[in-house]
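Notes for the one structure printed next.
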Amino acid sequence: MIKAPVLQSLLASRDDVIHNPEFNNFRATEQECLYLLKRCKNIEEFKQVHARFIKLSLFCSSPFSASSVLSTCAHSGWDTSMHYAASIFRVIDDPCTFDYNTMIRGYVNETSFEEALRLYIEMVEKGIDPDNFTYPCLLKACTRLKSIREGKQIHGHVFKLGLEADVFVQNSLISMYGRCGEMALSSAVFEKVESKTAASWSSMVSSCARVGMWSECLNLFREMCRETNFKAEESGMVSALSACANTGALNLGMSIHGFLLRNISKLNIAVQTSLVDMYAKCGCLEKALEIFKKMETRNNLTYSAMISGLALHGEGEAALRMFSEMIEEGLESDHVVYVSVLNACSQSGLVIEGRRVFEEMLKEGKVEPTAEHYGCLVDLLGRAGLLEEALETIESMPIKQNDVVWRSLLSSCRVHGNVELGKIAARELLKLSSQNPGDYLVISNMYAQAQMWEDVAKARTEMANKGLKQTPGFSMVEVKGKTHRFVSQDRFHPQRKEIYKMLHQMEWQLKFEGYSPDVTQILVNVDEEEKRERLKGHSQKVALAFALLYTPPGSIIRIARNLRMCSDCHTYTKKISMIYEREIVVRDRNRFHLFKGGTCSCKDYW
DNA sequence: TTAGGGTTAG
């Protein structure tokens, strides 16, 4: 008789167990058999040993042992192990809840989500009660399949069976609803969780980040820090950093960075990348570069964060160098990296380089160009005034034209005053999408610039008829930890008197420096004086006056605005940076402008 | 008697 340890060593030495003559005399207990099965190295070995045990009648005498064998096989993780597990499962006379759970989990682990759902239905039809172990896996299957309908039905079952209070089930529900975009349902479950675990928080925080609910994400994150007593959770930090990047919350981003440095000895690549992105998007390009350079390993995501960061700051050439560096490091570009690079070229007017990158992308053929890539190319050409070529690009697109490419052409036509081409772009754009108030504004501004007031009125009427309202422009500035928001001709701020006095003073100094207001930027049919008045009160200027009054001399002024800057505000801010000897960073809709000593980092190309 | 949930960056 061969003892279990002998067989164990046979298995370990990978001998052919089946052909070993001693094997026929093998006797072992069920536990020993199970132990040996667990020691198998692959599914073939497992099958052979399992078959031999059955032949020797050593095994499967009890339902419990059958369940154990099934579970060992189903969770082994080998390729095709679920196939064999299914054959074991099918010969079990009365599969119990545990067996179904085993199979469902096995299928979910090997990403056969439909199969998992199918088995659940079979289980319910056979009248076998699912338990609290069934649902987490099953809900994960729904999450991955984005099967919200099935997910909701299953939630109903959970409720009926009284399993709604199980924290594992709850966490799976939070994630399922969150990933399927049902944020209200997701947070409804979250609210019900009595003792929230790290998993509850991270599913909720990351769900918010994924759907772009940035302020909710940050509020939850703050709450999480309070409730969990600042327990370091990398995934939550990454989601929060991403929210900071997207809302420009530099101070919070910096405190998260500080927290990470104090509590985590080695930051992983995702955390580091989100730091690079956060600093770049919050206007601290130097800091982003510093972190980027110190990183031991970088991937596509790291590079694309850095490249788009450079693009945001108008550092097109540096972005291109970064792109070459990435290729030299042996990393392959993907569609997002191409978007970043093309965008960088576009922001800096690097037409030749941008065209070359686009052509290389086509030639390499590894990345299928999307409408987004064409959008970048159209933008690149259009901004540079190559409007005909931009139109040709759109017309030659091998994929469906979308609103983005026409919108981009339209806005270039407005900038370069080509009404004829602009009309074509406007027509095509409105065919594809007519719910965007911004589109009507660009159209009406284009006509206004050409003094075509009738067409302006037509566009405005059409917009009003559709019930679309103009997004009011605003500028935000942080002073002593508090964010102040100003609209154009702001009359609401408690310090308005001082602010307007300051504006008046600034204007005098500007006049000495040869500034004269550019009234062509006021695209409304009013008289010259009214135009001057309106120009004077642009929200950025109001914010600037406020910042000059209430921030220490020499400190950097950071302004964030929701719309693109008009060229008068641009000239104005350049002069102010010189007169008051201040660095002024303005983040507009598309990019950053760093004003310093009378010049801007965008080199007047934006 | 066996087992389960979340998670991150461009």
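Chain A is the first sequence line, chain B the second, and so forth, proteins listed ahead of strands; every chain is numbered from 1. Any value given below was found using the heavy atoms of this structure, including those in side chains, with hydrogens, waters and symmetry copies removed.
Using a 4.0 Å heavy-atom distance criterion, A:Lys196 is classed as making no nucleic acid contact.
For residues 157-168 of chain A, every residue pair satisfying the side-chain hydrogen bond (donor to acceptor under 3.5 Å, both in side chains) rule, not counting sequence neighbours, is listed here: A:Tyr120-A:His157, A:Asn132-A:Asp166, A:His155-A:Glu164. Judged as a side-chain hydrogen bond (donor to acceptor under 3.5 Å, both in side chains), the pairs with a partner in residues 367-378 of chain A (not counting sequence neighbours) are, in order, A:Thr370-A:His373.
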Show the atom names and distances, to 0.1 Å, of all donor-acceptor pairs under 3.5 Å that link a side chain in residues 324-344 of chain A to residues at least two apart or in another chain.
from	atom 1	to	atom 2	distance (Å)
A:Ser324	OG	A:Leu320	O	3.1
A:Glu329	OE2	A:Arg298	NH1	3.1
A:Glu329	OE2	A:Tyr303	OH	2.6
A:Glu332	OE2	A:Lys366	NZ	3.3
A:Asp334	OD1	A:Val336	N	3.1
A:Asp334	OD1	A:Val337	N	3.0
A:Asp334	OD2	A:Asn300	ND2	3.4
A:Ser340	OG	A:Val336	O	3.0

Distance-only check: which donor-acceptor pairs under 3.5 Å involve side-chain atoms of residues 208-216 of chain A, not counting sequence neighbours?
none

Taking only distance into account, with no hydrogens and no angle test, what donor-acceptor pairs under 3.5 Å do side-chain atoms of residues 283-294 of chain A form with protein atoms, sequence neighbours excluded?
from	atom 1	to	atom 2	distance (Å)
A:Glu290	OE2	A:Lys294	NZ	3.3

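Contacts between residues 197-207 of chain A and DNA chain B, defined by a heavy-atom separation below 4.0 Å, involve A:Thr197, A:Ala198, A:Ala199, A:Ser202, A:Ser203, A:Ser206, listed by number. Residues from residues 367-375 of chain A placing a heavy atom under 4.0 Å of any atom in DNA chain B do not occur. Taken residue by residue, residues 88-96 of chain A places no heavy atom nearer than 4.0 Å to DNA chain B.
From the 5' end on, the contacts that DNA chain B makes with chain A at under 4.0 Å to a non-hydrogen atom open and close at B:dT1 to B:dG10.
In terms of the side chain to side chain donor-acceptor pair (under 3.5 Å) criterion, residue partners of A:Arg90 (sequence neighbours excluded) are, by chain and number, A:Glu122. By the salt bridge (Lys or Arg N to Asp or Glu O under 4.0 Å) test, A:Lys38 pairs with no residue at all, sequence neighbours left out. With sequence neighbours excluded, no residue forms a ring-ring contact (aromatic ring centres under 6.0 Å, His included) with A:Phe221.
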Exercise for the section: Take A:Asp99 and A:Thr102 through the side-chain hydrogen bond (donor to acceptor under 3.5 Å, both in side chains) test and state the conclusion after the steps. Expected result: CA-CA 5 Å; A:Asp99 299 327; A:Thr102 300; 5.1 Å; no
